[in-house]
Amino acid sequence: MTLSTKPLSGMRQRLPNEFNIEKYVTEILSLSSVQAGFQEYDGPVIEPLALFAAKSGGELVGRQSYCFTDRGKREVILRPEMTPSLARMVAAQGELQLPVRWFSMPLCYRYERPQRGRVREFLQFNLDILGSESLSAELEVIMVLQEIMNSFKAPSSIYKIGWSSRRFMSDALSRCGVHIEIAQEVFSAIDKRDKMTEEKWANFLLGVCKGDSVLTGKVVSLVSVESLSDPWLVSLMAESSAFEEVVKFNNLLLGLGITSAVFSPAIVRGLDYYTGIVFELMDTGGQNNRSLCGGGRYDNLVGLFGNKKISGVGFGLGVLTLTLFLETYGLIPNSVKKASPADVYVAVASKDAVISAGLLVTSLRSHGYRVMMDVSGKKLGKQYKEASRYGISYLITVDFEEIDTGKYKMKNLLDGSVFTGSLDDLIGRLE
RNA sequence: GUGGGUGUAGUUCAGUUGGUAGAGCCCCUGAUUGUGGUUCAGGUGGUCGCCGGUUCAAGCCCGGUCACCCACCCCA
């Protein structure tokens with residue numbers, strides 16, 4: 001019986017070229033975080049099931065997780081997301097200086113059927129601020145997100161950061177007359193709005209509201225609101241602190257000129273632990289239906305581990321979904337897609353020249369160049385071909401003549417020019 | 001978990017009303033070339049996903065099964 005050449009469904013396996021692209025993406029994410037004063041952390045891949053059962057949302061743990069009983073009879077789970085682990089880490093550090101600004105690039109696991117932009121093992125960039133209740137924390141996090149998109153040279157026309165507030169929506173819905181018992185269902189219905197036509201959705205909502213057409217009409221107006229100064233909304237939300245917060249946050253965004261951030265009352269977010277401002281990053285072109293990034297404020301997560309009350313705000317961003325987004329808009333530079341593995345290829349003309357070639361290679365490497373030496377033992381023509389296929393710019397041939405004279409022939413494979421000189425000459429010639 | 005689609009060479013795909021398998025690219029060899037890129041000549045490579053059925057005959061028709069892709073669900 002022969003083994004399959006494929007990895008398990010949805011599991012990551014990347015060839016060097018694909019790896020290069022992923023590395024380009026993750027490095028920009030890390031760099032943007034570091035530039036904003038965030039520090040990197042990591043946590044365990046395997047966690048107790050209870051950590052997620054408490055707060056993540058039923059479906060995520062119930063149906064979409066890799067969980068099993070380990071040899072010590074513990075119920076464990078391959079982490080489907082990072083935030084609960086983060087909350088525990090912060091809760092455990094009594095002396096931590098708050099607020100903390102941390103980021104991470106964990107592999108996460110979800111047992112779902114794979115499709116475009118969704119696999120079972122995926123990198124999810126996470127960036128959080130814990131221990132600040134100020135709206136500045138939300139603002140800071142969105143500023144970083146904006147800076148990330150700028151670093152990828154993504155024009156603001158191709159994406160938007162939609163945001164809303166859970167607290168505001170709860171308040172607004174109850175002012176519309178939505179009974180607390182169906183509030184959760186209404187939330188979930190609102191979340192589905194983009195998935196169907198307006199008519200269909202209105203009908204669906206009518207069902208959730210148990211046929212109350214007046215109520216349905218109000219909810220429809222609410223999620224259709226485009227401006228925070230909409231008179232109907234302003235009068236509905238009179239003296240609402242949640243509304244004041246939303247208005248204040250909107251002004252902060254306007255003040256900073258973050259125009260890609262748009263108030264969108266229909267954004268709810270699926271994870272149960274979000275409490276305040278929530279946001280997500282979406283492709284406006286419709287090419288990538290999945291949100292690239294989702295986040296918001298969670299107030300009570302750290303409280304699971306004791307009496308401490310620490311509020312946090314942050315987001316998770318799928319490296320795969322982001323990469324797909326960048327690829328559909330041609331934002332992965334060619335230099336990344338076709339990165340050559342070396343600056344110089346050292347061709348070995350005969351077996352007896354190996355030692356001399358090796359010495360040359362060592363010397364060039366010590367000068368900081370990426371140098372590949374032939375290991376095929378094939379004739380020179382083939383070695384040229386290999387170097388050229390790798391996209392390597394320079395090729396140095398080593399043969400008896402070179403060994404005797406100490407002068408090497410270096411060919412520029414891009415323009416075909418040949419240069420002859422000593423090792424020092426060559427180094428001077430390399431960029 | 002639900003629905004749709006596709007499985008033929010390393011890869012992208014053709015394959016007629018059923019008659020024993022084809023192309024481009026890649027790869028290999030040789031010639032040409034400024035020792036690689038160009039051009040030319042030649043070549044390797046396939047239990048047609050798997051199992052069963054119909055038939056004189058199945059890549060093609062039928063049933064089953066597996067795998068992958070896409071969408072829903074959920075979410076990154």
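Residue numbers start from 1 in every chain, and the chains themselves are labelled A, B, ... in the order their sequence lines are given, proteins ahead of strands. Quick note: numbers below take in every heavy atom, side chains included, and nothing from hydrogens, waters or symmetry partners.
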Is there any protein nitrogen or oxygen under 3.5 Å from a nitrogen or oxygen in nucleotides 36-46 of chain B, and what are the pairs?
unit_1 : atom_1 : unit_2 : atom_2 : d
B:rG36 : N7     : A:K411 : NZ     : 3.0
B:rG36 : O6     : A:K411 : NZ     : 2.9
B:rG36 : N1     : A:L413 : O      : 2.9
B:rG36 : N2     : A:L413 : O      : 2.6
B:rG37 : N2     : A:L414 : O      : 3.3

Considering every strand shown, what is the Watson-Crick or G-U wobble mate of [N] when both distances are under 3.5 Å?
N: B:rU6; answer: B:rA67
N: B:rU33; answer: none
N: B:rA58; answer: none
N: B:rG42; answer: B:rC28
N: B:rG1; answer: B:rC72

Notebook entry, point to check: Can you tell me if CD on A:E22 sees more than 12 non-hydrogen neighbours from other groups inside 6.0 Å?
Noted result: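 Check passes, neighbour count above 12.
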Item checked: Pairwise 5' ranking along RNA chain B for A:G316 and A:V418, keeping only the more 5' one -> A:V418
Could you list the protein-to-nucleotides 66-72 of chain B atom pairs, N/O on both sides, closer than 3.5 Å?
unit_1 : atom_1 : unit_2 : atom_2 : d
B:rA67 : O2'    : A:K6   : NZ     : 3.2
B:rC70 : OP1    : A:R116 : N      : 3.4
B:rC70 : OP2    : A:R116 : N      : 3.0
B:rA71 : OP2    : A:Q115 : OE1    : 3.3
B:rA71 : OP2    : A:R116 : N      : 3.4
B:rC72 : N4     : A:R118 : NH2    : 3.3

[N] versus [M] - spacing of their [atom1] atoms, nearest Å:
N: B:rG7; M: B:rG15; atom1: P; result: 10 Å
N: B:rA67; M: B:rC75; atom1: C1'; result: 25 Å
N: B:rG18; M: B:rC61; atom1: C1'; result: 8 Å
N: B:rA14; M: B:rA21; atom1: C1'; result: 11 Å
N: B:rC40; M: B:rG45; atom1: C1'; result: 22 Å
N: B:rA57; M: B:rU11; atom1: P; result: 33 Å
N: B:rU6; M: B:rC60; atom1: P; result: 15 Å
N: B:rC74; M: B:rG63; atom1: C1'; result: 34 Å

From [atom1] of [X] over to [atom2] of [N], roughly how many Å is that when rounded to an integer?
X: A:Y273; N: B:rC75; atom1: OH; atom2: C1'; result: 11 Å
X: A:L395; N: B:rG34; atom1: CG; atom2: C1'; result: 14 Å
X: A:L29; N: B:rA76; atom1: CG; atom2: C1'; result: 12 Å
X: A:L320; N: B:rC75; atom1: CG; atom2: C1'; result: 13 Å
X: A:L322; N: B:rC75; atom1: CG; atom2: C1'; result: 16 Å
X: A:R12; N: B:rA76; atom1: CZ; atom2: C1'; result: 13 Å
X: A:Q124; N: B:rC75; atom1: CD; atom2: P; result: 12 Å
X: A:E121; N: B:rA76; atom1: CD; atom2: C1'; result: 14 Å

Next item on the list: Start with the C-alpha gap between A:W102 and A:F38, add the side-chain angles, then the distance that decides, and say whether ring-ring contact (aromatic ring centres under 6.0 Å, His included) holds.
Entry: CA-CA 5 Å; A:W102 288 1; A:F38 285 74; over 10 Å; no
Next item on the list: Run the numbers on A:E140 and A:R101 for salt bridge (charged side-chain N to carboxylate O under 4.0 Å, His left out), then give the verdict.
Entry: CA-CA 10 Å; A:E140 173 74 310; A:R101 311 156 65 102; 2.2 Å; yes
Checklist line | Approximate separation, where rounding is to 0.5 Å, of A:L130 CG and A:L98 CG | finding: 8.0 Å
Next item on the list: Going by the side chain to side chain contact (heavy atoms under 4.5 Å, CB included) test, name the single residue among A:L326, A:V25, A:L322 that passes it with A:L331.
Entry: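 When side chain to side chain contact (heavy atoms under 4.5 Å, CB included) is applied between A:L331 and each of A:L326, A:V25, A:L322, only A:L326 qualifies.
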Next item on the list: Apply the side chain to side chain contact (heavy atoms under 4.5 Å, CB included) test between A:F125 and each candidate in A:S33, A:C293, A:P106; give the one that qualifies.
Entry: A:S33
Item checked: Among B:rU35, B:rG30, B:rA76, the one nearest A:T397 by side-chain distance ->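 Of the candidates, B:rU35 comes closest.
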Note to self: I'd like to know if A:E245 pairs up with A:R297 as an ion pair, taking the criterion as any Lys NZ or Arg NE/NH1/NH2 lying under 4.0 Å from an Asp or Glu carboxylate oxygen.
What the structure shows: no
Check: Going by an N to O cut-off under 4.0 Å, is there a salt bridge joining A:E47 and A:R88?
Finding: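 Salt bridge flag = yes for A:R88 with A:E47.
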Checklist line | A:R120 to A:Y109, cation-pi by 6.0 Å centre distance and 45° axis angle | finding: no
Checklist line | base_contact_polar (B:rA76 base, A:E112 side chain, donor-acceptor, <3.5 Å) | finding: yes
Next item on the list: Mind checking ring pair (Phe, Tyr, Trp, His ring centres under 6.0 Å) for A:F279 and listing every partner two or more places apart, or none if nothing turns up?
Entry: none
Margin query: Students often get this wrong, so: under 4.0 angstrom with heavy atoms, is A:R110 touching a base, only sugar-phosphate, or nothing?
Written below: base
Note to self: Which label fits A:Y159 and A:F325: parallel for a plane angle under 30°, tilted from 30 to 60°, or perpendicular past 60°?
What the structure shows: perpendicular
